Enquirer: 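Sharing a structure, written as structure tokens. Questions coming.
Quick caveat: nothing in here was measured; it's all calculated off a predicted structure. Per chain, numbering begins at 1; letters A, B, ... match sequence-line order.
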2 protein chains.
Amino acid sequence: MSEMIYFEDLELGNMKEFGPLTVSRDEIIAFATEFDPQPFHLSDEGAAQTHFGSLASSGWHTTALSMKMMVEGWSRNTDAKPAGLGAIGVDDLRWLQPVRPGDTLRGTSEVIAKKESRSRPEMGVITSQVTLYNQRDEPVMMMKPIVMFRKRPV
Amino acid sequence: MSEMIYFEDLELGNMKEFGPLTVSRDEIIAFATEFDPQPFHLSDEGAAQTHFGSLASSGWHTTALSMKMMVEGWSRNTDAKPAGLGAIGVDDLRWLQPVRPGDTLRGTSEVIAKKESRSRPEMGVITSQVTLYNQRDEPVMMMKPIVMFRKRPV
């Protein structure tokens, strides 16, 4: 039986790690071709004349890869799954360094705020500080997702 | 010859429209399968027991679709392309309504702040308020991208 991680179980300062995941040139180009076909996300040639210098992933690819790693992390943990009900939004998303072909990403997520819901007593809202690093331990992205969590059934 | 839209050309209150784009069930499931495989993004059955009720797109799919529409809008405008140099980040991203299979999305982008760069005199920073609507004119997403723009060459 898998336990659930409810709103009450999450405490300020709780830290989770996620990843790693290596992103390939083909994946960067495929995502950009479909969703963000700007020259610096499509080829080294297109990036050469910009401050990117060479191919870099779309920032929206980077955020999607963070989500992928986090969901995979929950799936691997068969003992306890978060009772997440979807995200309200994200504050302070920052792309700090380009993500390049072959980069291996990993991340941390720390609970930085929790709040009861006034309108919906069965849930609460958790804000986390998510930081994504590359294989040189450089932070490449930060963001503060704001996620609804189910409360423990009474 | 295509003109460029430089930092100096963008004024507070400038408004652009982008889209429309219709998102299919297959696209919602394909994105979620790759990047955000939570039950409510994968099937109606998986969403039935949640507040989503039926299949809804990953929020990261919705942001990626906004980017897609914006880049396609720039490509269609052969007269003038924005001299954008990539985004620093996004403030105040909020997912306001679920995006459903068959929804037709469109959006607006308004310049709400502009700032010279101290460290890099050849560029400036533009903040926009982006709002995404569905076919019922309900706002489904809002965000404030912060984007570097090249200044007009002297």
Enquirer: So which part of B:E72 gets closer than 4.5 Å to some heavy atom of chain A, the side chain, the backbone, both or neither?
Expert: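 The answer is neither part of B:E72.
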Enquirer: Name the member of B:F35, B:W95, B:F52 that forms the most heavy-atom pairs with chain A at distances under 4.5 Å.
Expert: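 Max contact count across the listed options: B:F35.
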Enquirer: Which pair of heavy atoms, one from A:S54 and one from A:D44, lies closest together, and at what distance?
Expert: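 The answer is CB-OD1, 3.4 Å.
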Enquirer: Kindly give the heavy-atom pair with the smallest separation between B:R94 and A:V90, and that separation in Å.
Expert: NH1-O, 3.5 Å
Enquirer: Among B:L96, B:I88, B:D92, which residue has the highest count of heavy-atom pairs closer than 4.5 Å to chain A?
Expert: B:I88
Enquirer: Which atoms of A:M142 come close to chain B, meaning under 4.5 Å heavy atom to heavy atom: side chain ones, backbone ones, both, or neither?
Expert: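 The answer is neither part of A:M142.
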Enquirer: B:T131 and B:P139: which non-hydrogen atoms are nearest, and at how many Å?
Expert: CG2-CB, 4.1 Å
Enquirer: For B:Y133, does the six-membered ring have the charged nitrogen or CZ of B:R106 within the cation-pi criterion, i.e. under 6.0 angstrom from the centroid and within 45° of the normal?
Expert: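 Yes, B:R106 and B:Y133 form such a contact.
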Enquirer: So for B:M123, is it side chain, backbone, both, or neither that comes closer than 4.5 Å to the heavy atoms of chain A?
Expert: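 Looking at B:M123, nothing touches chain A.
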Enquirer: If you count heavy-atom pairs under 4.5 Å with chain B, which of A:H51, A:E34, A:H61 comes out on top?
Expert: A:H51
Enquirer: Where does A:M70 contact chain B at under 4.5 Å (heavy atoms): side chain, backbone, both or neither?
Expert: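 Looking at A:M70, nothing touches chain B.
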Enquirer: Is the number of heavy atoms from other residues, nucleotides or ligands under 6.0 Å of B:K16 NZ greater than 12?
Expert: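 No, the 6.0 Å shell around NZ holds no more than 12 heavy atoms from other groups.
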Enquirer: Looking at B:K151 and B:G124, would you say the former's side chain and the latter's main chain have a donor-acceptor pair under 3.5 Å?
Expert: no
